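Working notes, beginning with the structure itself.
This one's a predicted model, so the numbers in the text were calculated from it and none came from an experiment. Whatever order the structure lists them in is the order used to number ligands and atoms, beginning at 1.
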Amino acid sequence: MENGAAPTAKPVIVAIDGPSGTGKSSTSKAVAAQLGLSYLDTGAQYRAITWWMVHNGIDLADPTAIAAVAGKPEIVSGTDPAAPTITVDGVDVAAPIRTQEITSKVSAVSAVPEVRTRITELQRSLATGAERGIVVEGRDIGTTVLPDADLKVFLTASPEARAARRSGELKGADLHATREALIKRDAADSSRKTSPLAKADDAVEVDTTELTLAQVIECVVTLVEEKRAGK
Ligand SMILES: Nc1ncnc2c1ncn2[C@@H]1O[C@H](COP(=O)(O)OP(=O)(O)OP(=O)(O)O)[C@@H](O)[C@H]1O
Ligand SMILES: Nc1ccn([C@H]2C[C@H](O)[C@@H](COP(=O)(O)O)O2)c(=O)n1
């Protein structure tokens, strides 16, 4: 280097997909923090637009009504893995998007093609703008949003393991009901026509059922480092 500065590494784009409760958010945040990358939780964006629809009294049983207003809310995602943020029309919705009400309604809203087009544009623009690279997690990142990602990972885990993890989070939640709700949401997300939850052909599948979170993080960090080294 002429000025003695370290060469700038090419930004790396990592796509992490998988069903609910497989550890996408926890893993993606930690990997991004460890590698100095940005982090994007795309589920939070779909939850945010769902929150706006509920807040504005849109009939969620009517896809045409959802499609008609899909372009209205301004959704802004902060991509620092140490403190990710999400606002809708300037309102911090980080907490309200995690309620049971929004969780039960998000699959209906996210199945509407106009919603997906809108949110996909936001996601691509954030990924392109990430100077050092980004870890983007969701359901269709490797297949649709960022098909040219440098690394694609598809996380899985048994329904029992996922329900146990979620029940641990939602203190006192009934394990059976949690398992059934996860399965129902995954079925809706996998069966929608537009960019369903799916593993990309070139994704590395990691079954996290028997792994600790630390082991999953280490596995993905190693996969990114191998990609960067051209292995
Ligand atoms: N390998 C693991 N072992 C044990 N617990 C884990 C593991 N991975 C994640 N968890 C825990 O499981 C819960 C769900 O994880 P996380 O929110 O990261 O999953 P997710 O795939 O992003 O879920 P969703 O798609 O529903 O947002 C969290 O409490 C997290 O700490
Ligand atoms: N890329 C994505 C991300 C999320 N969704 C939908 C489907 C999920 O049930 C919902 C909430 O996601 P979570 O916060 O649980 O990760 O959002 C999607 O369709 N595509």
Side-chain angles (χ1 to χ4, degrees), residues 15-32 39-51 53 75 77 81 84 86 93-94 96-113 115-124 126-127 135-146 149 152-171 173 178-179 181-200 206-220:
I16 302 197
D17 290 300
S20 308
T22 49
K24 299 180 299 297
S25 300
S26 325
T27 304
S28 303
K29 237 183 284 182
V31 168
Y39 159 70
L40 179 61
D41 176 355
T42 63
Q45 296 176 311
Y46 285 103
R47 287 171 179 272
I49 198 164
T50 303
W51 176 88
M53 301 269 169
I75 297 168
S77 300
I86 180 105
V93 292
I97 62 170
R98 303 288 164 194
T99 60
Q100 269 309 113
E101 183 190 16
I102 300 301
T103 301
S104 66
K105 292 177 172 167
V106 64
S107 292
V109 174
S110 63
V112 175
V115 168
R116 300 207 72 79
T117 302
R118 172 88 202 292
I119 300 290
T120 297
E121 275 167 14
L122 284 177
Q123 293 162 354
R124 288 186 179 144
L126 285 164
V135 183
V136 183
E137 54 116 339
R139 304 292 192 287
D140 62 338
I141 309 306
T143 54
T144 306
V145 179
L146 301 167
K152 299 177 187 178
V153 176
F154 194 81
L155 298 183
T156 63
S158 70
E160 291 69 28
R162 298 190 284 127
R165 292 172 189 173
R166 277 271 173 259
S167 300
E169 266 179 354
L170 315 164
K171 293 189 181 34
T178 305
R179 182 181 179 278
L182 281 174
I183 290 173
K184 188 175 165 205
R185 188 148 63 96
D186 290 343
D189 295 341
S190 306
S191 61
R192 67 172 173 243
K193 278 202 181 134
T194 311
S195 59
L197 158 65
K199 175 184 170 296
V206 180
D207 183 346
T208 72
T209 308
E210 302 291 340
L211 301 179
T212 64
L213 178 56
Q215 287 172 323
V216 182
I217 294 165
E218 192 189 338
C219 168
V220 177

Nearest 0.5 Å, what's the [atom1]-[atom2] distance between [X] and [Y]?
{"X": "Leu197", "Y": "Ser191", "atom1": "CG", "atom2": "OG", "result": "9.5 Å"}
{"X": "Ser107", "Y": "Arg185", "atom1": "OG", "atom2": "CZ", "result": "6.0 Å"}
{"X": "Ser158", "Y": "Asp207", "atom1": "OG", "atom2": "CG", "result": "7.5 Å"}
{"X": "Leu155", "Y": "Arg162", "atom1": "CG", "atom2": "CZ", "result": "11.0 Å"}

*asked:* Starting from atom 28 (C) of ligand 1, what is the nearest protein heavy atom, named by residue and atom, and what distance separates them?
replied: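 Nearest protein contact, heavy atoms only, for atom 28 (C) of ligand 1 is Glu169 OE2, 3.0 Å.
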
_For atom 25 (O) of ligand 1, the protein heavy atom that lies nearest, with its residue and separation_ =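 Nearest protein contact, heavy atoms only, for atom 25 (O) of ligand 1 is Lys24 NZ, 2.6 Å.
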
*Using the salt bridge (Lys or Arg N to Asp or Glu O under 4.0 Å) rule, pick out the option among Lys24, Arg47, Arg98 that qualifies with Asp41.*
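Single salt bridge (Lys or Arg N to Asp or Glu O under 4.0 Å) partner of Asp41 among Lys24, Arg47, Arg98: Arg98.
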
List ligand 1 atoms under 4.0 Å from [X], heavy atoms only on the residue side.
{"X": "Arg139", "value": "25 (O)"}
{"X": "Arg185", "value": "26 (O)"}
{"X": "Gly23", "value": "8 (N), 9 (C), 15 (O), 16 (P), 18 (O), 19 (O), 20 (P), 21 (O)"}

Applying a heavy-atom cut-off of 4.0 Å, say which part of [X] lies close to ligand 1: side chain, backbone, both or neither.
{"X": "Pro19", "result": "backbone"}
{"X": "Arg98", "result": "neither"}
{"X": "Thr27", "result": "neither"}

Which of these, [options], has its nearest heavy atom closest to [atom]?
{"atom": "atom 16 (P) of ligand 1", "options": "Ser26, Gly138, Ser28", "value": "Ser26"}
{"atom": "atom 3 (N) of ligand 1", "options": "Thr208, Thr103, Leu211, Asp186", "value": "Leu211"}
{"atom": "atom 11 (C) of ligand 1", "options": "Arg166, Arg47, Arg165", "value": "Arg165"}

*Start with the C-alpha gap between Arg139 and Asp186, add the side-chain angles, then the distance that decides, and say whether salt bridge (Lys or Arg N to Asp or Glu O under 4.0 Å) holds.*
CA-CA 10 Å; Arg139 304 292 192 287; Asp186 290 343; 5.1 Å; no

What pairs with [X] under side-chain hydrogen bond (donor to acceptor under 3.5 Å, both in side chains), at least two apart in sequence or on another chain?
{"X": "Ser195", "result": "Arg116, Asp140"}
{"X": "Lys105", "result": "Glu101"}
{"X": "Arg179", "result": "Glu160"}

_Side-chain donor or acceptor of Lys199 paired with backbone N/O of Phe154 under 3.5 Å_ =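 No; judged by distance alone, with no hydrogens or angles, the pair does not exist.
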
_Restricting to non-hydrogen atoms, name the atom on Thr120 and the atom on Tyr46 that form the minimum distance, rounded to 0.1 Å._
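Distance-wise, the nearest heavy atoms are OG1-OH, 4.2 Å.
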
*Backbone or side-chain N or O of Gly21 under 3.5 Å from ligand 1 N or O*: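 Yes, at least one N or O pair falls under 3.5 Å.
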
*Test of proximity, Glu137 against ligand 1: N or O pairs below 3.5 Å*: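 No: no nitrogen or oxygen of Glu137 is under 3.5 Å from one in ligand 1.
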
_Neighbouring protein residues of ligand 2 - any heavy atom closer than 4.0 Å_ =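 For ligand 2, the residues that come within the 4.0 Å heavy-atom cutoff are Thr42, Gly43, Tyr46, Arg47, Arg98, Val106, Ser107, Ser110, Arg116, Gly138, Arg139, Asp140, Ile141, Arg185, Asp189, Arg192.
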
*Side chains of Thr42 and Glu137: do they bring a donor and an acceptor to under 3.5 Å?*
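No, Glu137 and Thr42 have no side-chain donor paired with an acceptor closer than 3.5 Å.
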
